[in-house]
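Report on the following structure.
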Amino acid sequence: MAKELSKTYDPSEIEDRIYQRWLEKKYFHAEVDPSKEAYSIVMPPPNITGQLHMGHALDGTMQDILIRYRRMQGYSALWQPGTDHASIATEVKITNKLKEEGIDKHELGREGFLKKAWQWREEYGGRIVEQQKKMGFSADWDRQRFTMDEGCSKAVKEVFVRLYEKGYIYRGNRIVNWCPVCHTSISDAEVEYEEQHGHFWHIKYPIVGEDGYVEIATTRPETLLGDTAVAVNPDDERYTHLVGKMLKLPLTDREIPVIADSYVDREFGTGCVKITPAHDPNDFEVGKRHNLEQINILNDDATMNDKCGKYAGMDRYEARKAMVEDLDKLGLLVKVVDHVHNVGTHDRCKTTVEPMVKKQWFVRMDELAKPALAAIQNGDLQFVPESFGKTYTHWLENIRDWCISRQLWWGHRIPAWYCDDCGEVIVSRDTPDTCPKCGSHHLTQDPDSLDTWFSSALWPFSTLGWPDETPEYKYFYPTDVLVTGYDIIFFWVIRMVFSGYEQTGKSPFHTVLIHGLVRDSQGRKMSKSLGNGIDPLEVVDKYGADALRLTLMTGNAPGNDMRFYWERVESSRNFANKVWNASRFIMMNSEGVDTSAVTLDTLEDSDRWMLSKVNRLAKDVTANLDKYELGIALQKVYDFIWEEFCDWYIEMVKPRFYQSGNEKSRAAACWTLKTVLIQALKMLHPYMPFITEEIFCNLQDEEESIMVSKWPEYREDWNFAQTEDTIERMKEAVRAIRAVRTSMNVPPSRRADVYVVAEKPEVRKAFEDGMDYFKALGYAENVRIQADKTGIAADAVSAVTADAVMYMPFSDLVDADKEIARLEKEEKRLAGELKRSNGMLNNEKFLSRAPKEKVDEEKAKLEKYQQMMDQVQKELAHLKKMSK
RNA sequence: GGAGAUAUAGCUCAGCUGGGAGAGCAUUUGCUUGACGUGUAAAAGGUCGCAGGUUCGAGUCCUGUUGUCUCCACCA
């Protein structure tokens, strides 16, 4: 036992040591154990390029709390960690790094690049894991996985082939979002819309064979070169006569038709729309309906291609400028109007995406979405908070086919091969060597790789060994809860759910616990560009992981954002210090005290009160945790420890340690202090793992770690409701005395003689029993307990509670007017309560319709307030008489 | 355009199934009591956005309304 604990808690010397010990003891490791119930959470895999940020810290803390809680409850609790290869993020990062070294990615070639990428992963991929460990996360690191490891890659291939064979994966020419910087297609979910100030260019398209023209308005004049029609609404009388006629496309020698399509909004712009099927998703659809040619005018880097005549080779914006100038010279530019519109950008690099027609692989979503939708309706899947289920449903109901191919090297290569001789497409788990159609051996694998989310969608089961029926898969799958931010529902949660149903027949988890964003103190999103991010590791360094975890969890409600303040971390640190010092007090005073003879019967009332309180706390906190109310559970533990345990119980107990003699009483106090503290520490442990472990190990010898100790359970023999009530009344009496003293500016050093007047014998007994602490807490010199006012000075100051009045003779301090004012204020307050209570009890409908217990409760309140009122009025009358 | 969230003390936020408004920080005034001043005691501070409704009873449920925020869709 550490006897020389420092006065303030210093996490820095403790956290790493404890974490190492946990690792050595393999406490984080979860085994397949049929004698236990399984509980599992898969950790959202952070990108290997990532650094731990506040979002990770919050997300991980919540998971760690759930896992530690269940582990202590006796579950075989697996927290499955791992990292994500993050294809595009990583590829961009490595490409840039190579560039700095003067190496061009394309010169390296695919193999060379991948070699570099793997090297990079070896070097930096584990960085974030080390940071997670600093947070105290109890994930099963022995089971770490990587989305591109052998097993996960096997799962990816398996799923691809299965979906292909079912016809759910297809390859086709579609409009995709193309990132000209990353040179790859991206999915709809990766496009971020950003409001930009642009222009509307109104351009004339002359009618062939007539003098007139059609005026169109466009925000992207350069796409004119890819126009293959101009569309008008079929019901728009202004233009019906033009339908079917040809227009001369400016700056080219092409002629394009005027077509009618209901897609066109008559009210918007000029009511005439240029149709560019190769570079606009809507136009693509229109083009298909009218069999229009698709003319791609862009290279992959968004420069104009060789179909663009004099503009070929120009960047898209250069070409725009040049073309507008040329149109103006030709007299075809009518006007330029300022226009604010949303422009799609790539969420990784913020480049404006270009819609382009490309041959890509897609997942057909309609069938896959069905069971995922049903799950939320039939309750197999629930969101906490519930409202996010609506977001989920809305997204699924409007889901479009998922573009899964990426023109990247870092990632899972698409398991499709093309026969060089006959063009046959072969999709296979293993590399084929002959074409099944023509027998050729000249096969070329598709160069593309898969969207990162294709592999993360399988994470809950690929990490457990699927597609093999491993013991882990059978035991831990489906997992229990998925914890994530609301920003990731579309990218990830939905894809995991439909993949889970399709591949395993089950939802991969029954609950999705959603948390909000950690924002800066002004409520702004923490971001690199703003430079307002706070590094969780910096917080850990300064205040300890426990303090950070506590900060992130206090007042945290599911789905709600929170703001980060250093002041909040400080108050968390203060709480840690409080816990530390309470423990220090107990250890200092329990030395040499033999508690072996203590039984429930030898406890005093204050001990029973405390035991009963912590007992109910266990019940409440457990219920809250089961409902994922992590913030509420924490609040209860926090309040219990600080207020009830430290400010009341420890103070009540002190006299028993400082008086000589009465070993029995001291032993009872000692036992209760330790027992209650241990219970409270256990409940605090999921939130503050380090400090609770440190204290736990110093405080007792029976168990080797709080991590694997038993979670507190409610027990009937610790329920002392009656005693709780008694002590609460004693607390009330103490508070009343303190309030009176403060109002009279009596310093604690000035002890008073206190006369307690109580009619009821049981009340007098409570004061007798609690004499020692009552004296200490109420700053009393002598206490006399009696049934009436005999022998009390007429000018003694009174403090009133429901069933007792306490008198203190402070003749030199009494200011009658102030006293009257104080009592009148109290009288006013009580009058309000009485009015409310009487109002309810005189209400016939309340008496007849409210539950009986509520009525009884109210009657008891009325009685209490009435008693207090009587006393206050009596004192007032007395005072007024005296002061005359 | 569609959907959702939120509105509670000076600030930041809790408030579970409806039954006497809470915390932290900040503020005021005390306290060298032998765990802790990273402490302790007492206090001040709110018409729970606004208007209706349901109910014996609404911060809590319903409707409308206003402000703020977010997501989705997107009109060339």
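Note that the structure is a prediction, hence the values are computed from the model and not measured. Numbered from 1 within each chain, the chains take letters A, B, ... in sequence-line order.
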Distances for protein N/O vs nucleotides 3-7 of chain B N/O pairs under 3.5 angstrom?
none

Suppose we screen for salt bridge (charged side-chain N to carboxylate O under 4.0 Å, His left out). Which residues come up paired with A:E833, at least two apart in sequence or across chains?
A:R836
Counting runs of three or more consecutive pairs, Watson-Crick or G-U wobble, with each distance below 3.5 Å, where are the stems of RNA chain B?
B:1-7 with B:66-72, B:10-13 with B:22-25, B:27-31 with B:39-43, B:49-53 with B:61-65
With rounding to whole Å, what would you report as the distance between B:G37 and B:A44 at their P atoms?
28 Å
Return the value, rounded to whole Å, for the distance between atom NZ of A:K861 and atom P of B:G19.
10 Å
Separation between the P atoms of B:A14 and B:G49, rounded to whole Å
14 Å
So, does A:N560 use its side chain to make a donor-acceptor pair with the main chain of A:G516 at under 3.5 Å?
no
Could you write out each protein N or O paired with an N or O of nucleotides 74-76 of chain B at a distance under 3.5 Å?
unit_1	atom_1	unit_2	atom_2	d
B:C74	N3	A:N342	ND2	2.9
B:C74	N4	A:N342	ND2	3.3
B:C75	OP1	A:N282	ND2	2.1
B:A76	N6	A:D265	O	2.7
B:A76	N6	A:F268	O	2.7
B:A76	N1	A:D265	N	3.3

Donor-acceptor pair under 3.5 Å: do we get one between A:R563's side chain and the base of B:U12?
no
Check: A:E215/A:T270 side-chain N/O donor and acceptor closer than 3.5 Å:
no
How far does the P atom of B:C61 sit from the matching atom of B:G19, given to the nearest Å?
11 Å
Got a salt bridge between A:R751 and A:E781, using NZ or NE/NH1/NH2 to carboxylate O under 4.0 Å?
no
By side chain to side chain contact (heavy atoms under 4.5 Å, CB included), A:Y193 pairs with (sequence neighbours left out) A:V191, A:N342
At 4.0 Å (heavy atoms only), tell me whether A:E858 reaches a base, stays on the sugar-phosphate, or touches nothing.
nothing
Looking for any heavy atom pair under 4.0 Å, which part of the strands does A:A582 touch: base, sugar-phosphate only, or nothing?
base
Need one value for A:R573: base, sugar-phosphate or nothing, where a base atom within 4.0 Å counts as base even if backbone is also close, heavy atoms only.
base
What does A:N556 touch in the nucleic acid at a heavy-atom separation under 4.0 angstrom: a base, only the sugar-phosphate, or nothing?
nothing
What is the nucleic acid contact for A:K7, judged by heavy atoms within less than 4.0 Å: base, sugar-phosphate only, or nothing?
sugar-phosphate
Do A:K654 and A:Y773 have side chains that approach each other closer than 4.5 Å (heavy atoms only, starting at C-beta)?
no
How about A:D261 and A:H290: does a side-chain donor come under 3.5 Å of a side-chain acceptor?
yes
Determine the interatomic distance between P on B:A7 and the same-named atom on B:C62; round to the nearest Å.
14 Å
All ring pair (Phe, Tyr, Trp, His ring centres under 6.0 Å) counterparts of A:Y205, not counting sequence neighbours
none
Using a cut-off of 4.0 Å between protein heavy atoms and nucleotide atoms, how would you tag nucleotides 60-65 of chain B 5' to 3' with B, S and -?
------
Should the pair A:K731-A:E644 be classified as a salt bridge under the 4.0 Å nitrogen-to-oxygen rule?
yes
Tell me if a side-chain donor or acceptor on A:R741 pairs with a main-chain N or O of A:R750 at a distance below 3.5 Å.
yes
For a quick check of understanding: with a heavy-atom distance under 4.0 Å over all strands, which category does A:E651 fall into, base, sugar-phosphate or nothing?
base
Using a heavy-atom cut-off of under 4.0 Å over every strand shown, decide if A:P851 touches base, sugar-phosphate, or nothing.
base
Enumerate all atom pairs, one protein N or O and one N or O from nucleotides 22-32 of chain B, separated by less than 3.5 Å.
unit_1	atom_1	unit_2	atom_2	d
B:G24	O2'	A:S571	OG	3.3

Tell me if the aromatic rings of A:F564 and A:W566 count as close, with their centers under 6.0 Å from one another.
yes
Across all chains, not counting sequence neighbours, the side chain to side chain contact (heavy atoms under 4.5 Å, CB included) partners of A:D188 are A:N177, A:R400
So, is A:K578 close to the B:U40 phosphate, meaning a side-chain N or O under 4.0 Å from OP1 or OP2?
yes
What is the separation between atom OH on A:Y658 and atom C1' on B:A35, rounded to the nearest whole Å?
8 Å
Taking atom types as modelled, is there a side-chain donor on A:D639 or A:Q635 under 3.5 Å from an acceptor on the other?
yes
Protein and nucleotides 43-47 of chain B: nitrogen or oxygen contacts under 3.5 angstrom:
unit_1	atom_1	unit_2	atom_2	d
B:A44	OP1	A:K825	NZ	2.9

Salt bridge check, A:R735 against A:E732: does any charged N sit closer than 4.0 Å to a carboxylate O?
no
Of A:W395 and A:F657, the one whose closest nucleotide on RNA chain B sits nearer the 5' end is A:F657
Let me know the distance between CZ of A:R524 and P of B:U70, rounded to the nearest Å.
13 Å
Which residues pass the side chain to side chain contact (heavy atoms under 4.5 Å, CB included) test with A:A229, sequence neighbours left out?
A:P257, A:I259, A:I275, A:L292
Between A:T223 and A:K274, does any side-chain donor sit less than 3.5 Å from a side-chain acceptor?
yes
Among residues at least two apart in sequence or on other chains, which ones pass side chain to side chain contact (heavy atoms under 4.5 Å, CB included) with A:T393?
A:L373, A:I376, A:E397
Over all strands shown, is A:I650 touching base, sugar-phosphate only, or nothing at heavy-atom distances under 4.0 angstrom?
base
Assess the side chains of A:T8 and A:N577: does a donor N or O sit below 3.5 Å from an acceptor N or O?
no
